[in-house]
Each structure stands twice: as C-alpha cells, then as structure tokens.
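Every chain is numbered from 1, with letters handed out A, B, ... down the list of sequences.
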Protein chains: 2
Amino acid sequence: MTNAIAADLTLQRLKALSDEKRVRILTQLAGGERCVCDLTDALDAGQSLLSFHLKTLKDAGLVTDRRAGRWVHYSLKAGALADLEDFLRSIREASIPAPAGEACCD
Amino acid sequence: MTNAIAADLTLQRLKALSDEKRVRILTQLAGGERCVCDLTDALDAGQSLLSFHLKTLKDAGLVTDRRAGRWVHYSLKAGALADLEDFLRSIREASIPAPAGEACCD
DNA sequence: CTGGCGCATCAACGGAAATTGATGCCGGCT
DNA sequence: AGCCGGCATCAATTTCCGTTGATGCGCCAG
C-alpha cells in the first residue's frame, strides 16, 4: 500500500513532463545548473511563468534549487529520471508479446 | 529539424502518460491484449470514456488495435515505451553532476 | 434481413491547468 | 539607509482536457 504513494509520485512526475516548456527546462538543465534568468532567456517566456513551471518540477522532485546570493540555481535530479525509466521498463518487460488466439468477453 | 518531429512525438507520448486512467490502461495491457469491454470492467469507467483514452494512446503510438469480429483488441507497443526510456536517459546522462563555482547572468 | 452487441464519434458541460500582470520578499550594491 | 535586481506569490483570465450522454457504424446471431 505504500506502493500507492509511489504510484502517485510517479503520476505527478509524468504530469510534470506533459508540458513542452517543462521538458525544455529539463533539457536546459541537462547542460548544468541554470538560474531563472537564464531560462527566461532560453525559453523566451515570462519570469512569472518560469517560476511557476519550476515549482511544478520541484514539487515533482525532478529538480532541486540552490540559493547563491540573489540568484536561485536549478539543477535536475537524475535519480527521479532513473525512477521514471524503471517504471516504464517495468511495464514494458511485463508485456506479453504474442497473444495467439485469445478468447474475449463472451 | 526532423528531430523536431521526433520531439513532438515524444511530447505527445508524455502527454498521453499524464493521465491516471491512461497509465492504468497501459498496466492492464502489460498483462496481454484486452478489448474495450475488459478495460471498462477493470477501470470502472464508461465505454465512451475508455474509447477516448484509447484513441489518445493510439494516436501517440503507445498502443495498437486489432479487430477480431465485433471486438477490438488493444495491446501496447513496447518500442514506444523503450523510446521514452531512451529519451529520459539521454537527458539524465547528459546531466552534469557538480556545478562548482559557476557564474550566472552578470 | 433484422435485431442486438461492441465500439467509435460527436456536442456540450465542467473543471483543472497555463498564461499574464501586479505585488511582495530578500539579498546585494552605493 | 535607500535603491535596485532576481525571484516567488497572488488574483484574474483564458485555454485546454477529461467526462458524460446520445447517436452512428460495423459485425455477428437469429
């Protein structure tokens, strides 16, 4: 039953990845730490909007923030991505390839 | 720039995975082929709703359908899941672990 | 050929999420 | 101390998506 909590977290992370801007943020963070001002420049989006998306990613545990003076640097959490890969793989590996002649609902 | 098309497909697949019912459908299909009537029973959802979600998954290339008489059997495409895993891994492996003392936007 | 079943499609509704602009907080500079 | 720049938060708006019920199509059984 603690698995239900993990399932919720996985779903939350999948939701966080369902937006183009957030995916682009992650690809930017793959190149290393970025502050919000870097991302507003790279994604051509308002600062308020970026802050909102970063909060979404942070709540999903996909990124981490680090204060440095008046800047906040964001970086991605590789472990969260690895967990998602494991989740997808668990579904894929459980997959039954050939169905043969299967009966249905009659 | 053909990469932009692939990126759109990846994003479409991530959007398809951002709904709980659709994820549950995939976990069901991991156990083998299922017709819509099986899924309505397993997910306790209306037939119309299931058909809608299955279309979303099908458009994303995550599942395939096969007609058998008056039934339509759905099964998941393992290759699409593997592609998503590769996408996530490409971001994760490009990730730079330690930032050291990085300058920002001044 | 006709009735019934499985499924897809459509229009309409409601709610959640994305976007925007304004405002507040915090830390550094002079 | 006072000002300014980087960022978070808030309220309001719009846009998008999940959900529902009704309808239509194709297929098998009688």
Could you tell me whether the side chain of B:S48 has a donor or acceptor atom within less than 3.5 Å of a complementary atom in the base of C:dT9?
-> yes

Within the side chain of A:Q28, is there an N or O that forms a donor-acceptor pair under 3.5 Å with the backbone of A:L39?
-> no

First encountered from the 5' end of DNA chain C, between A:G46 and B:Y74 | B:Y74

Ignoring backbone atoms, test whether A:H73 places a side-chain nitrogen or oxygen under 4.0 Å from the OP1 or OP2 oxygen of D:dG6.
-> no

Considering just the side-chain nitrogens and oxygens of B:H53, establish if one lies under 4.0 Å of OP1 or OP2 belonging to D:dT19.
-> yes

Salt bridge between B:D83 and B:R13, side-chain N to carboxylate O under 4.0 Å?
-> yes

Can you tell me how far P of D:dA8 sits from CD of A:Q47, to the nearest Å?
-> 7 Å

Which nucleotide in D:dA8, D:dG18, D:dC7 has an atom nearest any side-chain atom of B:R22 | D:dG18

Given D:dC7, D:dC27, C:dG27, which nucleotide is nearest the side-chain atoms of A:R67?
-> C:dG27

So, the side chain of A:E85 versus the backbone of B:D86: is there a donor-acceptor pair under 3.5 Å, distance only?
-> no

Closest-nucleotide 5' rank along DNA chain C - winner of A:G69 and A:F52 | A:F52

Would you mind telling me which of D:dG18, C:dT9, D:dC7 lies closest to the side-chain atoms of B:S51?
-> C:dT9

Interatomic distance where NZ belongs to A:K21 and C1' belongs to D:dC16 [whole Å] = 13 Å

To the nearest 0.5 Å, how far apart are CG in A:L26 and NZ in A:K21?
-> 14.0 Å

How many Å lie between CZ on B:R70 and P on D:dG30, as a whole number?
-> 9 Å

To the nearest angstrom, how far is B:D41 atom CG from C:dG6 atom P?
-> 12 Å

Rounded to the nearest 0.5 Å, what separation is found between the CG atom of A:D8 and the CD atom of B:E20?
-> 7.5 Å

Separation of B:W71 atom CH2 from C:dA8 atom C1', in whole Å?
-> 17 Å

For B:K55 and D:dC25, what is the distance between atoms NZ and C1' respectively, to the nearest whole Å?
-> 15 Å

Rounded interatomic separation in angstrom, taking CG from A:L54 and P from C:dA18 = 13 Å

Please determine if a side-chain N or O atom of B:K58 lies less than 4.0 Å away from the OP1 or OP2 oxygen of C:dA8.
-> no

C:dA16 P sits how many Å from B:K15 NZ, rounded?
-> 18 Å

